[in-house]
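Right, one structure below, let's go through it.
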Amino acid sequence: MPELPEVETIKNELAPHIIGHTITGITLFDERIVRQPPVEEFGSRLIGETITEIGRRGKYLLFSLTSGQTLVIHLKMTGSLWLIPPDRFTRAVIHLDGDKKIYFRDPRKFGVMWLVEDKNTVTDKLGPEPLEEGFTAKRLSKALARRTAPIKALLCDQNVIAGIGNMYADEALFLAKIHPMRPGGSLKPAEIKRLYNAIRQVLTAAINDKGASVDTYFRPDGQIGTAHFQFRVAHRRGQSCPVCGTPLQRIPVRNRGSYFCPKCQPEV
DNA sequence: CCCGGAACCTGAAGGC
DNA sequence: TGCCTTCAGGTTCCGG
C-alpha cells in the first residue's frame, strides 16, 4: 500500500526521468481513473504541457506543469507508476516526448487523477507533513486532545497527519508502546512524545529502504522496496513480538487489520 | 465537529 | 479441479 514513504520514493525515482519532458498523449483503459475535469477535457488540457517539478503532499503526487496547472495522482491501495511496461493491470499511460511513458498500474482500480488549476483544491484539508519542521510534538498533542477515537484511527486520518496509513501506524504505535485502541485524548505527554519520535523514525527508515512492498507496491523501475523486511509488527500475521516474544495480536480498528504486541502495548 | 461503518474494487488465498 | 467466500485498505460518504 503506498503510504508516505512509498509515494516519496516514487516521486524521487520518477523525477530525473520525467522533469523537463512534455506530455504528448494520454491513454485511458478505464475512464473512471479521471476524477476531474470531465474526461473529454483531461487529455486535451494535458497535451503540450511540460512537467516542471514533482512534489508530494501526504499520499498525493503533484506534477507541476508549465501552464501552472497541476496533475494530481493518488495511488490509493494498489496503484503504482512505472517507467517500463508492467502487465495487464495497466489502467492509463501518460506519453512523453522522447518516447518515454509513465504507466499507471492499478489492479483494484481505486487510484485516481485530477488536473486542477490549484492543487490546494485537492490537498487543502490535509494535516501536517510528519517529516517537516512544522510538525512538532506539541502540534500532535493538540491534534489528539479530547479526541475519543482510537489512536490508530487518528494516525490514519489524513486530516490529523498526512501520509500515514495502516502499516506505518502499526509500526509507530509499537515503537511508542501504545495500544492501537487507546483513545487519542487519553495519551499522556510522555506517550505523545514517544509517538512523535516513533512516527518520524518509522517514516524516515522506510524512505531509506525505498518503501515497503507488502502487496502491490513497486518502484518506477519495477523493483520492490525493502522497508517491510524491517517491520516489527505490521502484516506479521501469526508471528511473535521481536522484543518480548509474545505472539502478536491482530484486531480490527475501524475495520482495518491492526497488529500489535499485547504485552509491549498494554490496553491501559 | 466527531465518530463509526459501509461502499468502492478485484485479485489472492483459503475452505470445502 | 473448481466454485464460493473472505480478506486486503485509502478515501469518501452517510447516518447518528
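Note that the structure is a prediction, hence the values are computed from the model and not measured. Each chain gets a letter, A, B and so on, in the order the sequences are listed, and its residues count up from 1.
Residue A:Arg35 contributes atom CZ, which lies 14 Å from atom P of B:dC8 at whole-angstrom precision. In this structure, CZ of A:Arg108 is placed 18 Å from P of B:dA7, rounded to the nearest angstrom. Atom-to-atom, CZ of A:Arg254 to P of B:dC3 comes out at 7 Å; the value is rounded to the nearest Å. A:Arg146 has its CZ atom 11 Å from the P atom of B:dC3, to the nearest Å. Following rounding to the nearest Å, A:Asp157 (CG) and B:dC2 (C1') show an atom-to-atom distance of 10 Å. Note: CD (A:Glu31) to P (B:dC9) measures 15 Å, nearest angstrom. The NZ atom of A:Lys152 sits 8 Å away from the P atom of C:dG10 (whole-angstrom rounding). Distance A:His228 NE2 to C:dA8 P: 18 Å, rounded to the nearest Å.
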Quiz item: Would A:Thr27 and A:His95 count as a side-chain hydrogen bond (donor to acceptor under 3.5 Å, both in side chains) if you check the C-alpha gap in whole Å, the side-chain angles of each, and the deciding distance to 0.1 Å?
Solution: CA-CA 8 Å; A:Thr27 306; A:His95 304 259; 2.7 Å; yes
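At the phosphate of C:dA8, neither OP1 nor OP2 sits under 4.0 Å from any side-chain N or O atom of A:Asn166. OP1 or OP2 of C:dT11 sits under 4.0 Å from a side-chain N or O of A:Lys59. Proximity of A:Arg147 to the phosphate of B:dC3: a side-chain N or O atom is located under 4.0 Å from OP1 or OP2. Remark: A:Lys76 is not in phosphate contact with C:dT11, judged by side-chain N or O atoms under 4.0 Å from OP1 or OP2. Residue A:His74 places at least one side-chain N or O under 4.0 Å from the OP1 or OP2 atom of C:dT11. For the OP1/OP2 pair of C:dA8 and a distance below 4.0 Å, the side-chain nitrogens and oxygens of A:Arg237 include at least one atom meeting the criterion. Within the structure, every side-chain polar atom (N or O) of A:Gln158 is placed at least 4.0 Å from both OP1 and OP2 of C:dG10.
The existence of a salt bridge linking A:Glu191 and A:Arg182 is confirmed by a sub-4.0 Å separation between a basic side-chain nitrogen and an acidic carboxylate oxygen. Salt bridge status for A:Arg57 with A:Glu129: present, with a side-chain N to carboxylate O gap under 4.0 Å. Taking 4.0 Å as the cut-off between side-chain N and carboxylate O, A:Arg45 and A:Glu117 count as a salt-bridged pair.
Using a 4.0 Å heavy-atom criterion, one finds that A:Thr78 contacts no nucleic acid atom at all. Within the nucleic acid shown, A:Arg32 comes within 4.0 Å of sugar-phosphate atoms alone, with no base atom in reach, counting heavy atoms only. Within 4.0 Å of A:Pro183, counting heavy atoms only, lies no atom of the nucleic acid at all.
Taking the side chain of A:Ala149 as heavy atoms from C-beta on, and the options B:dC9, B:dG11, B:dG4, the nearest nucleotide is B:dG4. Closest to the side chain of A:Phe110, from the set B:dA6, C:dT11, B:dC9, is B:dC9. The A:Lys109 side chain lies nearest to B:dT10 when the options are B:dC3, B:dA6, B:dT10.
Distance check: A:Cys156 SG to A:Asp170 CG gives 7.5 Å after rounding to the nearest 0.5 Å.
Residues A:Leu62 and A:Val122 have side chains not in contact (no heavy-atom distance under 4.5 Å, counting atoms from C-beta outward).
Between the side chain of A:Arg256 and the base of C:dG10 there is at least one donor-acceptor pair of N/O atoms closer than 3.5 Å.
Closest-nucleotide positions on DNA chain B for A:Pro107 and A:Leu154 were compared, and the one nearer the 5' end corresponds to A:Leu154.
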